[in-house]
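A, B, ... follow the sequence lines: proteins, then strands. Residue 1 opens every chain.
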Amino acid sequence: MTAKFKANSETSLSPDYCPLELEQEIREFWEKHRTHQRLSQLREKNNLGVLGYVEGPPTLNGIPHVGHSRGRVMKDLRYRWKTMQGYFIPFWAGWDCQGLPVELEVERLLGVKNKRELLERVGEERFIEECKKAIVKYHKEWVEVDKRLGVSIDQEKAYWTYFDDYIEREWQYLKRAWGQGLLEEGHYVVAYCPGCQTSLSSAEVGYADSYREVEDPSLYFKFKVAESQNEYFLIWTTMPFTVATDTMLAVNPEATYAKVKVGGEKWIMVEQRVASVMAELEVSDYEVLETVKGARLEGTKYDYPLKDLVPRLAELEREHPLVHSVICEDFVDVTTATGVVHLSPGNGEEDFFVALKRKVPIFAPFDDEVKFTSEAGAFNGMFARDADEKVVEELRKRGSLVEVKTVRHEYPTCWRSHHKLVWLARKEYFLRTDKLNAKTLEAAEKVTYFYENPKNRFLSFLKEGKPWCISRERVWGTPLPVWKCEKCQAKTIVATKKELLEKAVEKPAGHFELHKPWVDRVTLRCEQCGGVMRRENFVLDTWHNSGASPYARFTDEQYRKYVPVDFLTEAIDQTRGWANSLLLQHVILTGKAESPYRAFLFQGLALDAKGRKMSKSLGNIVESKKLLEKVSADVCRFYFLKKCSPIDAFHFDAQELSRRPYQVLSTLYHLSRFLLQNSEFDKFDPQKHTLEQAEKKRQLKPADRWLLSKLQETIVEYTAKLESCEFNFALGVLEDFVIETLSRLYVPMVRKELWTDDPETLERRLAVYATLYYALKEVTLLFNPVTPFLSEALYQKIFKKLDPAAKDSVNFEEWPKPNAKMRNKTLEEEFATLFKCVSLVYAARQNAKLKRRWPLSRTIVVASENVENALKTAEDVFLEMTNVKNVEYCREVPREVSSEEWVQASEEGTHVFLLAKRDDKLLGEGLMRDVARRVQALRKELGYMPTDVLKAVLVAEAEKQDVELLQPYLKAMEELVRAKEVRVCKSRREAEAEWHEFQIDDKKIYIAIL
RNA sequence: GGGCCGGUAGCUCAGCUUGGCUGGAGCGUUCGGCUGAUAACCGAAAGGUCGAGAGUUCAAAUCUCUCCCGGCCCA
């Protein structure tokens, strides 16, 4: 009887892997020892190099969900990994605090319907206080989840985008833009909700349920070709009021247009739509007189019929030659309506850019409430959409109306009030980033994106190169630091608090901060005319706010050290968001074709299990906090990274967590426990019993060398996959090593050798421990960026326990480096061949219904010399795995195997023959193992620990000949089932015991444990 | 409406760049086996019109075109 495991070896690792408890313990360990702070300090002083980092700040208008958490895990992975490699990274948190999303959240909390009500009922000052309160609330949630997830970002060094010092540094970007003539006032078309009386961001327009089916007029009308008798352009619109701001017509240059004779008139429209439109207008008597390419129509002037009502349009016609003429644009859709589109640059974004491109003046005669101004002549004072009827009437009076009906169609509405939105040009401030396009693109080209798709997506977006409208008519944001003279309209920019207070006409009394309403109260004296200068009443786009972080979150010295930063990762929706604003602002700030980041990984979005976007209305948002209360952070982290490529959409399914990810981590846990239990018993000391020692004492066997070689391969490939951000493949490599190489192959190969306390084989056992210790420790380190809790737990409770000289935390360890001397590809191939032959033996056994636990006497392998050599490298392993006593090799199939006593299996020129016939010895040993197996099952069922030693095992009512077969192997069975005695009884009546019935190949036997 | 991405076993995903044997893995199911580190593991079976159609080719999951469906972004 082996003395091994005599008592339950006291390990601090529970027999089951209970990650939730383990992680809580490790969290407290890190906090108590201030592990992350100490690590950061250490690396700052002593490093291989500095890798800059700036946190992409989450907006504090909600709580984190799995999509956020996945992103944060990728950031943390990179930090932990590069830090282990010896780099210093300023992995400091940051929070996006301002902007519309936060305002809307606070409006909701305050129960306010719109901006006007907000200002009247709540007022700016209190509103700002409420915004700050909301931020603090959500900040707590984020920090809590980071902690639970093991995101080691430094919360104490976080930046907040609303702090005065941050805003002052953000203003430096604008000052630089101002100096380069890139900051301009101009018009921009925005979506406006007449109900809420506020403009909407494009994000709001895009909200899931903002598109609704609505009823609109369907108006066909005609504009007469100038100086023609009876030629007209036929036009369709659902927004008649825009005819009051009509500036141009557009046709598609490639399409064919027809002149259609209807009554005494010729109507011009796209040829392919003639039949359908005529049918719709119920005109049956018509004829296509001639056709002409769209391009030929360019420059045609037309008579705008409402000139008398809107005199300003008549003036514009004289000021610019293109007003009220036809232009060509590819975007004109010739598959709907008439293929002739009327353009109102004051009321449509596309129209607006068409006009801007041709320097056609923007006619936008609307006030803040979207009522026509006096510039609109007869429409003065009328709300835009209410002018629909009047326009129709006036067209009718002038003979320009063809037909008016109603139409139901999908149209964007306000997500809050569901009023139909209108688009109109308003006065805004722009960064003329279109002028920097070449530089921006050059900078972006130099960035590493890891994958082609997101790269192309980003670059093609940048190529659009539109000016950036940075002004917002909101409250909670960085104030635009431009003051304008009431008298002479002169403008000035003030970009620091100090400068502002110095120049102020009157110093502000009491509290002062760089927000509305305090900054608005500061007036300046105009240097040109001495008039009063007031601040332009805008705040900045929140993307400008967060895009300023590389400069604004650091000091000058830090900025020089850390920017451009090494690596960033955010979700793919940041293509147009942060990735873009960072780039544009950096180019403005530096004047160089340089990106503020050297690499950017765009992650796919997180969707629910069915592939739907997570949204409040669907109620399918998985909140990280709730998830992590029930599920291990390590398991989540592993799942986030392993499930799919980081750029793929991530279909989160909680049920998948407990499957493969759990199994892999659990296996690593148990492998480590296995090492600890065994090695502690033999007083293994990693300082003394090293691999070098084992080598010297010639105790390393091919199986060990094979494992060590596979480990080197794993280190190389895993690190390479991390480097290329193929986290899913990286973890595939790691998983394979743990499950296949270690758990399925190596441990079974050495288990028997460890299953003894024979002092003569102690050196061999120590060599196996050294091998396992090294391999498992390296694996634990490789896992650390992914499963930091498990790695730390194993490190503290196994590696540090066995080797007190180990570091204070796994995080202080160095990243494993491959050892080329341990790599042996030939050996790896030989073992691959060996394993293939083993599975051939299994296949042959299965054919002959020979259980694996039944020993057999002979196997003959008919194969090439290579295969023979491969098997001979580790013949003992082959025999052990196949449970065969002897193996022979042949090149040709020997005659003897043709007898029915042999069974076989073949693959790729390798044939394996097994002697199926068994003598009494083999039968007895096989039977013993059959019985032993039942005993083991019973032990487990009755709740015995593996280490418990049984008083006696009783076997009863076996057939007489079986008892005889069994008799010589009872001693061996005692060892196997860990019992002081194994006794065979004739009848159950011989002993007072709880008997359990078992079946062995149709025969009943009874087993009892005492 | 435009751009991009995806559609491969019941589920989750590889394979596609550079066409080539019988299209893979994991999970799940069924049957059998193995097992005291493991919630593991091994073998077999069932399960695929590789979204549809056409083209190129001796040969297409892979290349080209068209269409359908889903997702994201933009309008």
Side-chain angles (χ1 to χ4, degrees), chain A residues 5 11 13 15-18 191 202-203 205-206 330-333 335-336 348-350 353 410 412 423 451-458 460-461 463-464 571-577 602 604-605 607 609-613 639 642-645 647-653 655-656 658-678 728-729 732 735-736 738-740 742-745 747-748 751 754-755 772 838-840 842-847 849-854 881 883 905 929 932-933 935-937 939-940 944-948 976-978:
Chain A
F5 306 138
T11 81
L13 286 174
D16 291 326
Y17 173 44
C18 305
S202 56
V205 178
D330 293 331
F331 70 75
V332 174
D333 179 13
T335 61
T336 58
E349 194 175 8
E350 218 158 33
F353 281 109
E410 295 269 304
W423 270 260
Y451 294 86
E452 282 300 305
N453 295 338
K455 173 185 179 176
N456 294 339
R457 189 180 163 127
F458 187 44
S460 67
F461 164 71
K463 274 181 194 136
E464 287 176 23
I572 188 87
D573 54 1
Q574 299 297 333
T575 312
R576 286 164 182 270
F602 290 104
L605 256 76
L607 309 173
K610 292 174 185 158
R612 296 171 307 184
K613 197 176 178 177
Y639 175 66
K642 176 68 175 62
K643 160 113 178 169
C644 61
S645 154
I647 63 161
D648 284 342
F650 175 78
H651 296 207
F652 177 85
D653 186 347
Q655 292 189 314
E656 291 173 339
S658 55
R659 296 187 186 148
R660 195 65 177 171
Y662 180 89
Q663 288 166 9
V664 174
L665 303 193
S666 168
T667 302
L668 176 61
Y669 179 87
H670 286 285
L671 279 167
S672 310
R673 261 191 98 233
F674 176 73
L675 165 68
L676 182 65
Q677 280 190 330
N678 282 281
N728 51 330
F729 292 140
E735 172 182 315
D736 194 64
V738 170
I739 299 292
E740 292 292 316
L742 270 171
S743 174
R744 186 167 88 74
L745 296 171
V747 168
R751 182 185 275 140
L754 300 182
W755 195 249
L772 266 178
V838 169
S839 58
L840 280 178
Y842 291 161
R845 274 179 176 274
Q846 183 129 3
N847 290 340
K849 294 208 187 308
L850 293 167
K851 294 181 191 175
R852 207 188 298 177
R853 69 168 87 90
W854 292 348
M881 289 179 92
N883 197 13
R929 289 193 57 185
R933 174 69 210 124
V935 175
Q936 300 287 44
R939 281 182 61 123
K940 206 169 189 175
Y944 288 94
M945 296 302 289
T947 48
D948 293 337
L976 255 183
V977 301
R978 209 172 292 283

Item to check | Qualifying residues under ring pair (Phe, Tyr, Trp, His ring centres under 6.0 Å), relative to A:Y451, sequence neighbours excluded | outcome: none

Next on the checklist: I'd like to check the ring pair (Phe, Tyr, Trp, His ring centres under 6.0 Å) partners of A:F650; sequence neighbours left out, ordered by chain and number.
Outcome noted: A:Y639, A:F640

Checklist entry - Taking all non-hydrogen atoms of both residues, which atom of A:F461 and which atom of A:R576 are closest, and how far apart? => result CE1-NH1, 3.0 Å

Please state the [atom1] separation for the pair [N] and [M] - nearest whole angstrom.
{"N": "B:A40", "M": "B:U35", "atom1": "C1'", "result": "9 Å"}
{"N": "B:C16", "M": "B:C63", "atom1": "C1'", "result": "10 Å"}
{"N": "B:C72", "M": "B:U18", "atom1": "P", "result": "31 Å"}
{"N": "B:A75", "M": "B:A25", "atom1": "C1'", "result": "42 Å"}
{"N": "B:A9", "M": "B:A45", "atom1": "C1'", "result": "14 Å"}
{"N": "B:A61", "M": "B:G48", "atom1": "C1'", "result": "11 Å"}
{"N": "B:C5", "M": "B:C65", "atom1": "P", "result": "12 Å"}
{"N": "B:G47", "M": "B:G3", "atom1": "P", "result": "41 Å"}

For the pair made of [atom1] in [X] and [atom2] in [N], what is the distance, rounded to whole Å?
{"X": "A:W854", "N": "B:G33", "atom1": "CH2", "atom2": "C1'", "result": "11 Å"}
{"X": "A:L745", "N": "B:C34", "atom1": "CG", "atom2": "C1'", "result": "14 Å"}
{"X": "A:I572", "N": "B:C74", "atom1": "CD1", "atom2": "P", "result": "12 Å"}
{"X": "A:I647", "N": "B:C73", "atom1": "CD1", "atom2": "P", "result": "16 Å"}
{"X": "A:Q677", "N": "B:U38", "atom1": "CD", "atom2": "P", "result": "9 Å"}
{"X": "A:K455", "N": "B:G3", "atom1": "NZ", "atom2": "P", "result": "21 Å"}
{"X": "A:K463", "N": "B:C73", "atom1": "NZ", "atom2": "P", "result": "22 Å"}
{"X": "A:N456", "N": "B:C5", "atom1": "CG", "atom2": "C1'", "result": "11 Å"}

Sequence neighbours left out, what passes side chain to side chain contact (heavy atoms under 4.5 Å, CB included) with [X]? Give chain and number order.
{"X": "A:F729", "answer": "A:K721, A:E726"}
{"X": "A:D736", "answer": "A:E740"}
{"X": "A:T667", "answer": "A:L671, A:V738, A:I739, A:S743"}

Any N/O pairs under 3.5 Å between the protein and nucleotides 39-41 of chain B? List them or say none.
unit_1: B:A39; atom_1: N7; unit_2: A:Y662; atom_2: OH; d: 2.9
unit_1: B:A39; atom_1: N6; unit_2: A:Y662; atom_2: OH; d: 2.5
unit_1: B:C41; atom_1: OP1; unit_2: A:R660; atom_2: NH1; d: 3.1

Next on the checklist: Tell me every residue that passes salt bridge (Lys or Arg N to Asp or Glu O under 4.0 Å) with A:R457, counting only those two or more places apart in sequence or in another chain.
Outcome noted: none

Checklist entry - According to a 3.5 Å limit on both distances, what stems of 3 or more consecutive Watson-Crick or G-U pairs are formed with RNA chain B? => result B:1-7 with B:68-74, B:10-13 with B:24-27, B:29-33 with B:41-45, B:51-55 with B:63-67

When rounded to the nearest 0.5 angstrom, what is the spacing between [atom1] in [X] and [atom2] in [Y]?
{"X": "A:L668", "Y": "A:R673", "atom1": "CG", "atom2": "CZ", "result": "13.0 Å"}
{"X": "A:L605", "Y": "A:I572", "atom1": "CG", "atom2": "CD1", "result": "8.5 Å"}
{"X": "A:R744", "Y": "A:L742", "atom1": "CZ", "atom2": "CG", "result": "12.5 Å"}
{"X": "A:Q663", "Y": "A:Y17", "atom1": "CD", "atom2": "OH", "result": "12.5 Å"}

Item to check | Expected output: side-chain A:K643 to main-chain A:F652 donor-acceptor under 3.5 Å | outcome: no

Checklist outcome for this item: When A:S460 and A:R576 are each assigned the nearest nucleotide of RNA chain B, the 5'-most assignment goes to A:S460

Item to check | Nucleic acid footprint by protein, nucleotides 6-15 of chain B - heavy-atom cut-off 4.0 Å, B for base, S for sugar-phosphate alone | outcome: ------SSS-

Next on the checklist: Suppose we screen for side-chain hydrogen bond (donor to acceptor under 3.5 Å, both in side chains). Which residues come up paired with A:E735, at least two apart in sequence or across chains?
Outcome noted: A:R660

Checklist entry - Under 4.0 Å between a side-chain N/O of A:R457 and OP1 or OP2 of B:C72, yes or no? => result no

